[in-house]
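Protein chains get the first letters and strands the later ones, always in sequence-line order, with residue 1 at the start of each.
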Protein chains: 2
Amino acid sequence: MRVPQTTKPQTTKLKTTSTETANSTPKPGRPRSFCDQAALEAAMRVFWEKGYEGTSLTDLTEAMGINRPSLYAAFGDKEALFLKAIEQYTNGPASYLRQALAEPTAYRVIEALLRGSVKLLGDPHNPRGCLSVQGGLACGAAAEPVKQALVAWRKHGEAEMVKRFRRARAEGDLPAELDPHDLARYIATVLNGLSIQAANGATKAEMTRVVELTLRSLPTQNLSKTV
Amino acid sequence: MRVPQTTKPQTTKLKTTSTETANSTPKPGRPRSFCDQAALEAAMRVFWEKGYEGTSLTDLTEAMGINRPSLYAAFGDKEALFLKAIEQYTNGPASYLRQALAEPTAYRVIEALLRGSVKLLGDPHNPRGCLSVQGGLACGAAAEPVKQALVAWRKHGEAEMVKRFRRARAEGDLPAELDPHDLARYIATVLNGLSIQAANGATKAEMTRVVELTLRSLPTQNLSKTV
DNA sequence: GCTATTTTGTACCGCACAGTAAAGATGTGG
DNA sequence: CCACATCTTTACTGTGCGGTACAAAATAGC
């Protein structure tokens, strides 16, 4: 836990965070009692789980095992720490993205993206969602019942779809091997994804093209498209 | 703006919100100076735009044109008001969902869901996203730069995909009529949707089945699936 | 008018938050 | 051993939050 941080007296105040690991030039003054990387990793997990605004400085300092002024000295304010956490996430849990993009064919790229994502999201040790979404989504503890209500609401919509697709199957409108649950979840996934697209600033035309792709490629191609 | 609210002296304290419109029994006391429905509509818009925690009581009272005690007397606390706003949203902007589920075939149900969603999300008069996602997503004004950073991050990921798919097309790996932008946005949509699925508590197996559907139905079926 | 009843306006409460000042602690270089 | 630079600890600040007490205002019934 010692590993004295090096960064010899710098002129620039920022970027003092000392990403370097084993420089031989020790600097004067009391040495840091914590490991920057470990602290940043802990901060990332908290942000990942609770979102930016849902995370208080007390949450952070407790998880990181340091106190407030140390945090500010080492990482800057809360926002700067969050940005560093994003970086950490990109190089850590989300590193499968880079690997996926290096796959040899488009299909394998897509497959690696989707499967890697599920592996990350489905791991019970991880918070439920990608930091890029969860970071802005999860909010304070006071909003917990509201968050639950929203989850219930979204699930309710999905359940309505399931019911409708069950009827469709009974009416010979869906291939029997296609589970109504799976189809409903897939459609719900696209719908919720579109919400994020809108938040990203996607235009109506852009979203429409996503819809066209979704429709054209529906696994229900043997459905009649007319009444 | 008068329309005296009726609700004759009730025994139950809750549900005093008086959804009824034109009952003939006026009640004693000073009449309400605002229209419940209009106020609720305004509250819904604010919640929709800023999310639950991002909305302060001051935001609400200003948008609704009433002051704090009136809000509490009419709608209960912030959480109760939000739940009523959800209801309002379901019967208003999101009413296309019910209509879509009433379409005659599964394909038309899905098409109506997707197109209705885009119509809602793409309308420049509306906040950018569905309330069911946005309600938990958007946070306080202090988090605005962070939200922007997250948007930029997600867009960056999409841009990386576009670059990769451009290369794939150049390598004869993607059909020429398939725009790399569109494919990337579609994949990003599914990925972000999966994040919401995870937040909903979907299991790894369930998400995997969504991925299988997505892969099996990819509009790139004429791609080689092997190296 | 007068009283009962309800809403409105103002001003306030306690609390949690992000961020910081100042003094004590712990190391390095001379 | 001593000055000096850095980190840690404690305690604090100001601000905005959700929620409320209380009195003035406005109506209905008598």
Side-chain angles (χ1 to χ4, degrees), chain A residues 1-10 13 16-18 24-36 39 43 47 50-62 64-82 139-146, chain B residues 1-10 13 16-18 24-36 39 43 47 50-62 64-82 139-146:
Chain A
M1 281 291 182
R2 188 43 47 87
V3 188
Q5 298 312 125
T6 54
T7 56
K8 61 178 69 175
Q10 292 177 325
K13 295 294 167 48
T16 318
T17 319
S18 72
S24 51
T25 343
K27 70 179 176 204
R30 180 171 177 174
R32 214 160 253 177
S33 67
F34 60 94
C35 168
D36 291 38
F47 278 133
K50 305 192 170 188
Y52 177 72
E53 290 224 305
T55 301
S56 73
L57 280 180
T58 307
D59 292 332
L60 287 169
T61 53
E62 282 180 357
M64 300 165 86
I66 65 180
N67 42 30
R68 236 168 254 232
S70 299
L71 189 155
Y72 274 83
F75 302 102
D77 63 358
K78 189 185 177 186
E79 186 176 330
L81 176 57
F82 184 76
C139 279
E144 194 58 37
V146 168
Chain B
M1 280 293 183
R2 188 44 44 94
V3 190
Q5 296 312 126
T6 55
T7 56
K8 60 180 67 175
Q10 292 177 325
K13 295 295 167 46
T16 318
T17 320
S18 72
S24 51
T25 342
K27 70 177 175 206
R30 180 170 176 173
R32 215 162 250 177
S33 67
F34 61 93
C35 167
D36 292 37
F47 278 132
K50 306 192 169 187
Y52 176 72
E53 288 225 307
T55 301
S56 74
L57 280 180
T58 306
D59 293 331
L60 287 169
T61 52
E62 281 180 359
M64 300 166 86
I66 64 181
N67 43 29
R68 240 170 249 231
S70 299
L71 189 155
Y72 275 81
F75 303 102
D77 64 356
K78 189 184 177 186
E79 187 177 329
L81 176 58
F82 184 75
C139 280
E144 193 59 36
V146 169

Practice item. Quick one: pull up CG in A:Leu60 and CZ in A:Arg68 and give me the separation to the nearest 0.5 Å. Key: 9.0 Å

Check your understanding: Which stems does DNA chain C form, counting runs of 3 or more consecutive Watson-Crick or G-U wobble pairs with both distances under 3.5 Å?
Key -> C:1-30 with D:1-30

**Study point:** Protein-nucleotide distance (A:Lys78, atom NZ; C:dA16, atom C1'), rounded to Å
**Key:** 12 Å

Exercise for review: Look up atom CZ in A:Phe75 and atom CG in A:Asp36, then write down how far apart they are to the nearest 0.5 Å.
Suggested key: 5.0 Å

Practice item. Let me know the distance between CG of B:Leu60 and P of D:dG19, rounded to the nearest Å. Key: 10 Å

Point to revise | With B:Arg30 via side chain to side chain donor-acceptor pair (under 3.5 Å) - residues at least two apart | key: none

**Study point:** Residues that A:Thr61 engages under side chain to side chain donor-acceptor pair (under 3.5 Å), provided they are two or more places apart
**Key:** none

Practice item. Starting from C1' on C:dA16, measure out to CD on A:Glu62 and report it in whole angstrom. Key: 14 Å

Point to revise | Point-to-point distance, once rounded to the nearest 0.5 Å, from CD1 of B:Ile66 to SG of B:Cys35 | key: 11.0 Å

Check your understanding: Quick one: A:Phe75 CZ to C:dT20 C1', roughly how many Å, whole number?
Key -> 18 Å

Point to revise | Residues that A:Asp77 engages under side chain to side chain donor-acceptor pair (under 3.5 Å), provided they are two or more places apart | key: none

Study note, to complete from the structure: Value for OG (B:Ser56) from NZ (B:Lys78), rounded to nearest 0.5 Å, stands at 7.0 Å

Check your understanding: Got a sec, which residues hit side-chain contact (heavy atoms from CB on, under 4.5 Å) with A:Asn67, two or more places apart in sequence or on another chain?
Key -> A:Pro69, A:Ser70

For nucleotides 8-12 of chain D, tabulate all protein N/O to nucleotide N/O atom pairs closer than 3.5 Å, reporting atom names and distance.
unit_1: D:dT8; atom_1: OP1; unit_2: A:Ser33; atom_2: N; d: 2.8
unit_1: D:dT8; atom_1: OP1; unit_2: A:Ser33; atom_2: OG; d: 2.5
unit_1: D:dT8; atom_1: OP2; unit_2: A:Ser70; atom_2: OG; d: 2.8
unit_1: D:dT9; atom_1: OP2; unit_2: A:Asn67; atom_2: ND2; d: 2.5

Exercise for review: Find the distance B:Tyr72:OH to D:dT20:C1' and express it as a whole number of Å.
Suggested key: 9 Å

Revision key, fill the gap. Atom CG of A:Leu57 and atom P of C:dA18 are separated, to the nearest Å, by 4 Å

Point to revise | Protein-nucleotide distance (A:Glu53, atom CD; C:dG19, atom P), rounded to Å | key: 11 Å

Exercise for review: Provide, to the nearest angstrom, the distance between the CG atom belonging to B:Asp59 and the C1' atom belonging to D:dG19.
Suggested key: 16 Å

Check your understanding: Taking the inter-plane angle between the rings of B:Phe47 and B:Tyr52 on a 0 to 90° scale, is it parallel (under 30°), tilted (30 to 60°) or perpendicular (over 60°)?
Key -> parallel

